[in-house]
2 protein chains.
Amino acid sequence: MNLKGLSEILGLSQTTVSRALNGYPEVSETTRKKILAVAAEHNYSPNARAKGLATGRSNAIGHVIPNATQHEMVNPIFGDFIAGAGEVYAANNYEMVLSIVADVDEEKVYRAFKTRGTVDGVILHGPKMNDTRIALLEEIGLPFVVHGRASGIDSDYSWLDVNNRSAFRRATDFLLDLGHRRIGLINGLETMDFAYRRRRGYEDALTARSMSLDTDLLRTDEMTEGFGYSSTTEMLNQPNPPTAFLVSSIISALGVRRALEERGLQMGRDVSVITFDDGLSYLANGADVPIFTATRSSVRDAGRALSEMLVAQINNPDAPLQKRLLEVELTVGRSTGPAPTSA
Amino acid sequence: MNLKGLSEILGLSQTTVSRALNGYPEVSETTRKKILAVAAEHNYSPNARAKGLATGRSNAIGHVIPNATQHEMVNPIFGDFIAGAGEVYAANNYEMVLSIVADVDEEKVYRAFKTRGTVDGVILHGPKMNDTRIALLEEIGLPFVVHGRASGIDSDYSWLDVNNRSAFRRATDFLLDLGHRRIGLINGLETMDFAYRRRRGYEDALTARSMSLDTDLLRTDEMTEGFGYSSTTEMLNQPNPPTAFLVSSIISALGVRRALEERGLQMGRDVSVITFDDGLSYLANGADVPIFTATRSSVRDAGRALSEMLVAQINNPDAPLQKRLLEVELTVGRSTGPAPTSA
DNA sequence: CAAAGCATCCAAAGCGCTTTGAATTTCTCA
DNA sequence: TGAGAAATTCAAAGCGCTTTGGATGCTTTG
């Protein structure tokens with residue numbers, strides 16, 4: 001059933017039917033009711049492409065996930081993010097279009113999004129330091145919001161970020177206060193802006209106490225379980241091993257835990273661990289008492305908030321850009337305790 | 001830049017330019033070259049909506065993820081699946097559109113996909129027993145393939161499935177051969193077809209040895225880490241606890257592991273564990289020696305294969321339906337060993 | 001009571017592409 | 001060389017919707 005057919009059944013013009021369906025005022029309430037009834041009866045809904053052609057909008061929002069050729073993996077954190085965003089899209093009649101693409105082709109995808117009119121805007125994921133994609137999106141004129149920020153880019157754009165630096169500074173301070181002096185940092189890829197900021201927070205805490213940085217205690221890579229495991233094992237094998245670990249993802253923290261367990265070390269007693277917890281639904285940080293002491297910020301909430309920002313921006317392009325910095329909560333679990341006194 | 005503008009620059013008709021760009025034969029090679037050059041120079045790519053309107057196709061494939069209101073979560077396994085599918089879409093110029101929707105609204109989404117022409121086909125995820133969505137998709141005439149199968153539905157449709165029953169029968173046999181007699185099953189939601197089949201496989205193995213089923217050893221729920229933990233704890237607290245566990249997901253297996261560890265039980269010596277391993281990129285089952293003995297089947301590969309099936313089906317609707325049943329590999333890791341003799 | 005205003009409705013153009021059917025040009029080869 | 005075939009190109013219709021710019025009839029109001 002299309003508009004033409006529907007209007008013929010009703011004995012009305014396509015104009016009137018279209019207006020009635022789209023809530024315009026220049027149609028009487030009685031005919032509007034009739035039109036809505038007949039439309040529902042025939043299960044009518046407008047063809048998205050035709051509507052889009054006429055309006056110049058797609059009612060879709062793009063997410064492009066770079067799928068690097070070296071480490072081809074889709075971050076599970078992304079799953080929770082889009083779960084949040086998906087709610088917002090459903091409520092606002094937007095579609096979500098996902099492009100999983102070799103990172104070298106990412107620019108092409110954004111350009112195609114614009115020239116082909118596939119989407120009305122995009123959410124930029126995983127900003128790097130000096131990220132070139134921001135200038136690209138500005139250049140091609142595709143509305144966007146950023147999940148995170150990009151150090152080194154000073155143009156003005158909308159973003160929502162967690163205060164990673166403060167989070168990791170606080171977490172480090174927490175461990176220092178417990179007497180830990182050697183703290184391993186198991187960080188994400190430090191080309192990523194969030195990881196860079198976390199490292200800065202870690203450094204802040206150390207330098208505030210005039211402690212020097214030991215590069216033997218720093219690891220940075222894709223935040224897999226295996227990375228957490230291997231980093232921990234390596235660091236514990238060093239002559240002067242850390243007594244605590246600060247981990248960038250609960251996924252890697254699971255690997256840390258495995259490494260400790262394998263050596264018969266008890267978490268929270270022999271070795272302390274703090275992790276960043278994105279609140280992943282399938283990897284909840286314990287039921288009642290948290291397994292890990294953690295800096296927590298729900299990535300699902302971030303998905304919700306960011307998609308709302310983008311939808312608002314698309315509907316009202318002249319509104320001022322929005323920036324939101326979320327503080328994390330530092331919740332104490334069973335993975336931390338006083339530094340063991342070297343007896 | 002649009003077709004009209006491009007054809008004016010070239011001094012050719014839109015017809016010719018369109019044909020040249022789409023590879024039709026009725027245009028000379030010399031003009032085609034010229035057209036392609038100018039198109040590239042002006043960074044032309046056709047408006048997707050206009051093209052879709054004209055051709056009646058969207059070049060998009062839908063995935064709808066039910067987001068149940070009780071347990072609102074997007075399965076991380078899904079992330080790896082779409083990573084595989086995304087590769088195929090990118091190679092075939094399809095877009096992936098994702099709809100995350102309350103499960104009660106799932107039918108509406110499929111109907112809207114069809115009437116609005118949002119997508120050319122869908123991949124059906126997480127089939128349940130007697131799944132009503134299959135009949136729905138057949139009724140509305142939206143091409144689809146199923147990731148899994150639906151017991152109780154005997155209509156003919158395309159699917160790709162893992163041989164879950166055989167996998168769990170083999171895994172159970174493996175444990176039985178090691179002398180285990182009480183094996184806990186930590187299964188997914190048994191309304192899900194895959195979980196039902198896994199349970200059948202488990203039962204097959206037991207009944208083949210004339211062993212009876214103990215419902216105290218059966219657990220079924222969403223496959224979170226927490227579920228693995230709580231199930232294990234509960235079962236181990238029973239008077240006659242299991243000596244081995246069969247787990248439906250590596251995520252829950254992590255919870256099993258945590259529960260064991262907490263009690264000071266060593267995996268592979270005190271208690272054996274076999275898990276199903278979907279080959280998730282961020283939760284790899286160990287680097288060299290697998291952590292868990294596992295029945296393994298890459299969900300990313302499944303994503304690749306299924307999306308290829310669907311693309312083929314869309315391009316050639318008259319081709320016969322495809323069915324593919326994948327056997328799993330049972331790889332031995334460090335989580336299994338002979339049943340402890342009750343000394 | 002005529003003119004103005006208002007509420008309703010409609011015809012037709014236009015969004016940017018593909019494709020049909022026809023026109024034009026270029027080849028072939030008797 | 002010229003007619004028919006083949007190759008190349010084009011004008012225009014059509015995909016299903018929105019929206020502009022009227023039209024039409026009804027109600028007010030001076």
Side-chain angles (χ1 to χ4, degrees), chain A residues 1-36 38-39 42-60 93 95 111-120 315, chain B residues 1-36 38-39 42-60 93 95 111-120 315:
Chain A
M1 175 59 57
N2 58 17
L3 226 213
K4 190 176 175 202
L6 194 63
S7 59
E8 278 166 2
I9 290 174
L10 281 155
L12 288 168
S13 74
Q14 296 189 38
T15 309
T16 305
V17 177
S18 170
R19 283 187 167 148
L21 262 23
N22 289 306
Y24 285 89
E26 47 277 88
V27 47
S28 77
E29 276 314 306
T30 52
T31 59
R32 186 194 302 277
K33 282 222 180 70
K34 198 181 309 169
I35 288 171
L36 286 173
V38 176
H42 288 78
N43 210 336
Y44 171 79
S45 55
N47 179 288
R49 292 187 293 277
K51 184 166 189 160
L53 225 209
T55 57
R57 310 189 9 146
S58 62
N59 270 273
N93 290 312
E95 304 290 344
R111 289 194 184 276
F113 272 172
K114 176 66 178 185
T115 60
R116 313 185 57 136
T118 314
V119 300
D120 295 331
N315 291 336
Chain B
M1 177 58 57
N2 57 19
L3 226 212
K4 191 177 174 202
L6 194 64
S7 58
E8 277 166 2
I9 290 174
L10 281 154
L12 288 168
S13 74
Q14 296 189 37
T15 309
T16 304
V17 176
S18 170
R19 283 188 166 146
L21 261 23
N22 289 304
Y24 284 87
E26 46 276 87
V27 48
S28 76
E29 276 315 307
T30 52
T31 60
R32 186 194 302 276
K33 283 224 180 68
K34 199 182 308 170
I35 290 172
L36 286 173
V38 176
H42 288 78
N43 211 337
Y44 170 81
S45 55
N47 180 287
R49 293 187 294 276
K51 183 165 189 163
L53 226 210
T55 57
R57 308 188 14 147
S58 62
N59 270 274
N93 290 312
E95 304 290 344
R111 288 194 185 278
F113 272 172
K114 176 65 180 187
T115 60
R116 314 185 58 137
T118 313
V119 300
D120 295 331
N315 290 336

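- Nearest to the side-chain atoms of Thr31(B) among the listed nucleotides dT18(D), dC17(C), dT9(D) stands dT9(D).
- When distances run from any side-chain atom of Leu12(B) to the nucleotides dT9(D), dG16(C), dT18(D), the shortest one goes to dT9(D).
- Listed nucleotides: dC17(D), dC10(C), dC17(C). Nearest to the side chain of Thr16(A): dC10(C).
- Residue Thr15(A) places a side-chain atom within donor-acceptor reach of the base of dT19(D), judged by atom type and a 3.5 Å distance cut-off alone.
- Residue Val17(A) is the one, among Asn22(B) and Val17(A), whose nearest nucleotide of DNA chain C lies closer to the 5' end (criterion: closest heavy atom).
- A straight line from CD of Glu8(B) to P of dC17(C) spans 12 Å, rounded to a whole angstrom.
- No side-chain heavy atom of Asn59(B) sits less than 4.5 Å from a side-chain heavy atom of Arg116(A).
- Here dC17(D) is the nucleotide among dC17(D), dC9(C), dT9(D) with the atom lying nearest to any side-chain atom of Ala50(A).
- Counting to the nearest Å, the C1' atom of dG16(D) and the CZ atom of Arg57(B) are 18 Å from each other.
- When distances run from any side-chain atom of Arg19(B) to the nucleotides dT9(D), dC10(C), dT20(C), the shortest one goes to dT20(C).
- In this structure, Tyr44(A) reaches the dC17(D) phosphate: one of its side-chain N or O atoms is under 4.0 Å from OP1 or OP2.
- Judged purely by atom type and a 3.5 angstrom limit, Ser18(B) has no side-chain atom pairing as donor or acceptor with the backbone of Gln14(B).
- Contact annotation: Asn2(A) does not reach the phosphate of dC15(D) (side-chain N/O to OP1 or OP2, under 4.0 Å).
- For the pair Gln14(A) CD and dC17(D) C1', the interatomic distance rounds to 8 Å; values are reported in whole Å.
- Residue contacts shown for Gly11(A) are limited to sugar-phosphate atoms, with no base heavy atom under 4.0 Å away.
- The one candidate from Val17(B), Leu12(B), Leu10(B) that meets the side chain to side chain contact (heavy atoms under 4.5 Å, CB included) condition with Val38(B) is Leu10(B).
- Atom CG of Asn59(A) is separated from atom P of dG16(D) by 20 Å (rounded to the nearest Å).
- Atoms CD (Glu26(A)) and C1' (dG25(D)) sit 17 Å apart, rounded to a whole Å.
- Within the structure, every side-chain polar atom (N or O) of Lys4(B) is placed at least 4.0 Å from both OP1 and OP2 of dG16(C).
- For Tyr24(A), the listed nucleotide lying nearest its side chain is dT19(D); candidates were dG14(D), dT19(D), dC17(D).
- At a threshold of 4.0 angstrom between heavy atoms, the contacts of Ser28(A) are confined to the sugar-phosphate backbone, with no base atom among them.
- Between the OG1 atom of Thr115(B) and the CG atom of Asn2(A) there is a distance of 11.5 Å, given to the nearest 0.5 Å.
- One can place CG of Leu10(A) at 17 Å from P of dT8(C), the figure rounded to the nearest angstrom.
- Straight-line distance from the CG atom of Leu3(A) to the P atom of dC9(C): 16 Å, rounded to whole Å.
- Between the Arg19(B) side chain and the Glu26(B) main chain, no donor and acceptor come within less than 3.5 Å of each other.
- Rounded to an integer number of Å, the gap from Asn47(A) CG to dC17(C) P is 17 Å.
- We find the CG-OG1 distance between Leu21(A) and Thr16(A) to be 11.5 Å, quoted to the nearest 0.5 Å.
- Nearest to the side chain of Ser18(B), among dC10(D), dC17(D), dT19(C), sits dT19(C).
- Nearest nucleotide to the Ser13(A) side chain, out of dT18(D), dA11(C), dC17(C): dA11(C).
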